[in-house]
There are 2 protein chains.
Amino acid sequence: MSDAAVRPRRRGARERVLDAIRAAEPLSRVELATITGLTEAAVSMTVRRLLDEGIVVESGLAPTAGKPRRLLRLDPAARIAVGVYLDEDTTTYVLTGQTGGVLSRLARPAPDPADPETLSRQVLADVELLFTGAGVERERCLGVGVVWPGPPGGTAQDLGTRLSAATGWPVLVENDATAAAVGEYWVARVGPEQGFAALYMGSGIGAGIVLEGRAMRGGRGNAGEFGHVCVQVDGPQCQCGSRGCLEALAGPRTVVAAALADPVAAAEAGLDPGEPRRSVVADFAAVARAARAGAPRCRALLEDSARYVAAAAESVLNLLDIDLVVLTGPGFAAASFVYGPAIMRRVAVADRLTWQRSVTVTVSLAAATASATGAAALVLQSHLSSR
Amino acid sequence: MSDAAVRPRRRGARERVLDAIRAAEPLSRVELATITGLTEAAVSMTVRRLLDEGIVVESGLAPTAGKPRRLLRLDPAARIAVGVYLDEDTTTYVLTGQTGGVLSRLARPAPDPADPETLSRQVLADVELLFTGAGVERERCLGVGVVWPGPPGGTAQDLGTRLSAATGWPVLVENDATAAAVGEYWVARVGPEQGFAALYMGSGIGAGIVLEGRAMRGGRGNAGEFGHVCVQVDGPQCQCGSRGCLEALAGPRTVVAAALADPVAAAEAGLDPGEPRRSVVADFAAVARAARAGAPRCRALLEDSARYVAAAAESVLNLLDIDLVVLTGPGFAAASFVYGPAIMRRVAVADRLTWQRSVTVTVSLAAATASATGAAALVLQSHLSSR
DNA sequence: ACGAGAAACTTCAGTTGCTTAAGAATGTTA
DNA sequence: TAACATTCTTAAGCAACTGAAGTTTCTCGT
């Protein structure tokens, strides 16, 4: 744990300035002063330090009636981060620059997660490969973000500890939805005052919630269990032990199971119930592709799922008073054309009638790989506050 | 990993010290240092300032092996706040000390809220009466909290502006649930690291959510709309324009309507469907009283409502990773004996099986008047951070 | 082409709020 | 009564930020 263990500071000038530039680059110093609420003097000093460190660069002038503004941007190459996404069947690695842009990517079949020793050895080797492949100096790397579909702790936490010990880099472990939310916040340039919920569909459904520029993690790091929002009091039994959870009624696993049980839908999607199953993600994507191509039964399955998802989304929006929903993850990447409109439809009436808000539903730009880039963004985000 | 580095320290010494004393008084300076993470020197200086201002007093010693600890408490009388609760049919005023204890109380029939001029005149006169009745100097008052069952803005905000102009005090306007949550945080000595949801039943259902010692308000001050969490996808139409909202299925208005529609239940509760209705709160309390006395039909109505409330509560707990629920407001004051166990039952299985948490459900000490004392607590809370 | 004006940025001398280090106060115990 | 344990205070220093007063670098009008 090298310089991640730096002492924290109350959300200071550095953090505020970097966050403002991230969200709305390019910016001049005067603009930064008004945005951050700092004095121009403070901004000037802070920016000089950032320039010295090479984190920020001046690029271009903006003419005014007087002295032109000198525009500041993040230098994409100045600092980089590694994101690792341990999916069911694939492990994805990305190397991103400071602005969240992907410099290099690597996908590998997933090693057996049951054996932590081999797992960490494999990940280490792959990360090594990622660096040599991209031809980037390891010194500029800020750390590694590790994401897997599940709560942080256990296997992932263990891997994190091993990686950190072996590489000397700080390693952050997070669940897929939260990572995707942070990634969205980072690369989609969401402002700190804009709260949003990133709904993530992979092999399950989760939500990453970002309020006031900070991801909600909850007491045990389990916040955002969107899949276990109850949408039907006496609904079917869920794996979690409760009843009527969104995931049990409308999660990707349920949709795939329904498609397999319906010969017509299975045929539409090209799924053979007899064959051994591929991953939930792949099967769900097949259903979504079929629906998009016009297959009615697959479409109906998705629409049915979307009704539930929309209801749960509405609950979240009402509970937290949020007006932005981002659909992300491989599931929504494939099926947002159904889920997006469904959420909009569900929310529209009460929005106008009661809440006087207008909810926006967007699809993440790189929804399919949001977890991996989000993992890297976690590292970038955590470095805003330190040093 | 670098979890320690991410922890923000935005709150200043004064706020942290006061908050620690509030949550766990009496405390010595050394204890404060360890709790707040400040150095002993910093605590010493901060405490001296607070002693000078009379906000904190030394009271008693705690023997040690060396020099005894000098215990610090908030001086209850040093600063006071006024809470105003504009209910449907009654306006309640309380005067509280710094520790949240009620110094004086006043209840009045509600004036017509449609006429802001008369309303504010009435409230002003009543507040005046409150002070003279309690024999307290107006100078020590920090401000007025105004609460009503609805979103801040409109009538309430207007009243706030008028009050503030007339009295010179800061006036804070908040919805009932959030105020009750802040009141609970303040009076029940909840620690800042303990997140919780205060479920509030009055004429409707809402939730006040407190995380990291701060009440969630959301983008438009509408956060905590627990009553519009969806618990049934195609449930009945709700006033808000959506379907299947908790409030439409299980809110106090719905319970009362069901009791009136069922001759047996109505008789049990002593409600005459022919008579003009009193307030929802009063009618609901009548149903709850009957149920408590053993009336089976009223009991069944409440149990049915509680099933839905429990499901919605579970959604909130899972979404925010919270393990404390406080039931408050007149509705739960009367009927927590049904709702509390229902929530516990619903949550227990998944808690053990999946989340490894153990949720606590408590009933607010002064649930019936939580809004008014909460209104006053809002003022106290807001004065923690300011100088 | 050149001075006036405008706006962006910088410098500098506080102020604040904390830290570290040392010391004073105030009890217990041998 | 001296030694000790512990709490609290004081003093010096540091880093971040503010306010006010420059300095720079452009445009514009003449």
Side-chain angles (χ1 to χ4, degrees), chain A residues 3 5-21 24-53 55-73 384-387, chain B residues 4-5 7-21 24-53 56-73 384-387:
Chain A
D3 60 358
V6 187
R7 68 147 178 241
R9 204 162 282 165
R10 68 191 206 190
R11 182 168 172 112
R14 184 192 174 88
E15 182 177 0
R16 281 195 274 175
V17 165
L18 277 175
D19 203 39
I21 299 181
E25 74 173 9
L27 289 172
S28 69
R29 291 170 179 76
V30 225
E31 291 169 307
L32 281 171
T34 63
I35 291 175
T36 60
L38 298 164
T39 58
E40 293 178 11
V43 170
S44 189
M45 289 189 304
T46 308
V47 166
R48 182 170 45 227
R49 240 165 302 178
L50 292 172
L51 285 169
D52 288 348
E53 295 176 49
I55 296 174
V56 154
V57 289
E58 293 195 335
S59 81
L61 300 177
T64 66
K67 179 174 174 177
R69 301 174 170 183
R70 287 145 68 186
L71 298 178
L72 301 161
R73 296 175 192 271
L384 265 192
S385 34
S386 51
R387 176 51 206 271
Chain B
R7 194 175 84 197
R9 278 162 115 194
R10 48 206 323 225
R11 293 150 47 119
R14 184 193 174 86
E15 184 176 359
R16 281 196 273 173
V17 165
L18 277 175
D19 204 38
I21 299 182
E25 73 173 10
L27 289 173
S28 70
R29 291 170 178 76
V30 234
E31 290 170 306
L32 281 171
T34 64
I35 291 176
T36 60
L38 298 163
T39 59
E40 293 178 8
V43 169
S44 190
M45 288 190 305
T46 309
V47 165
R48 184 175 39 232
R49 241 166 302 179
L50 293 172
L51 285 169
D52 288 347
E53 296 175 49
V56 154
V57 289
E58 294 194 334
S59 80
L61 301 177
T64 67
K67 179 174 172 179
R69 302 176 169 181
R70 285 144 69 188
L71 298 177
L72 302 160
R73 296 173 193 273
L384 263 194
S385 31
S386 54
R387 162 70 195 179

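Below, chains carry the letters A, B, ... as their sequence lines are ordered, and counting in each starts from 1.
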Atom CG of A:L32 and atom P of C:dT10: how far apart are they, to the nearest Å?
12 Å
Tell me, do A:L72 and A:L27 make a side-chain contact under 4.5 Å, heavy atoms counted?
no
Would you indicate, yes or no, if C:dT10 has its OP1 or OP2 atom less than 4.0 angstrom from a side-chain nitrogen or oxygen of A:R29?
yes
Sequence neighbours left out, cut at 3.5 Å: what donor-acceptor pairs do the side chains of residues 39-46 of chain B make with other protein atoms?
residue : atom : partner : partner atom : Å
B:T39   : OG1  : B:A42   : N            : 3.3
B:T46   : OG1  : B:A42   : O            : 2.7

Residue list, side chain to side chain donor-acceptor pair (under 3.5 Å) with A:S59, at least two apart or on another chain:
A:R73
Measuring only between side-chain heavy atoms, which start at C-beta, is B:L32 closer than 4.5 Å to B:I21?
yes
Interatomic distance where CG belongs to A:L71 and P belongs to D:dT25 [whole Å]
16 Å
Whole-Å distance, A:L27 CG to C:dC9 P, equals 11 Å
So which of residues 44-52 of chain A are in contact with DNA chain C, with a heavy-atom cut-off of under 4.0 Å?
A:S44, A:R48
Taking side chain as C-beta onward, heavy atoms only, is A:I55 less than 4.5 Å from A:R14?
yes
If the condition is side-chain contact (heavy atoms from CB on, under 4.5 Å), which residues does A:S28 pass it with, not counting sequence neighbours?
A:V30, A:E31, A:R69, A:L71
Exercise: identify the closest heavy-atom pair between B:L51 and B:V56:
CD2-O, 3.2 Å
Listed once per pair and sorted, the salt bridge (charged side-chain N to carboxylate O under 4.0 Å, His left out) pairs that draw on residues 58-67 of chain B, sequence neighbours left out
B:R29-B:E58, B:E58-B:R70
What's the closest nucleotide to the side chain of A:R69 if the choices are D:dC8, C:dC9, C:dA8?
C:dA8
Could you tell me how far apart B:R16 (CZ) and C:dG17 (P) are, to the nearest whole angstrom?
13 Å
Calculate the interatomic distance between A:R70 atom CZ and D:dC26 atom P; express it in whole Å.
10 Å
Distance check needed: C:dT19 P versus B:E40 CD, whole Å only.
11 Å
I need the CG-C1' distance between B:L72 and D:dT7, as an integer number of Å.
12 Å
Closest heavy-atom pair, B:P63 versus B:L61, reported as atoms and distance to 0.1 Å, is CD-O, 3.8 Å
Protein N or O to nucleotides 21-30 of chain C N or O, pairs below 3.5 Å:
none

Does C:dT20 have its OP1 or OP2 closer than 4.0 Å to a side-chain nitrogen or oxygen of B:T39?
no
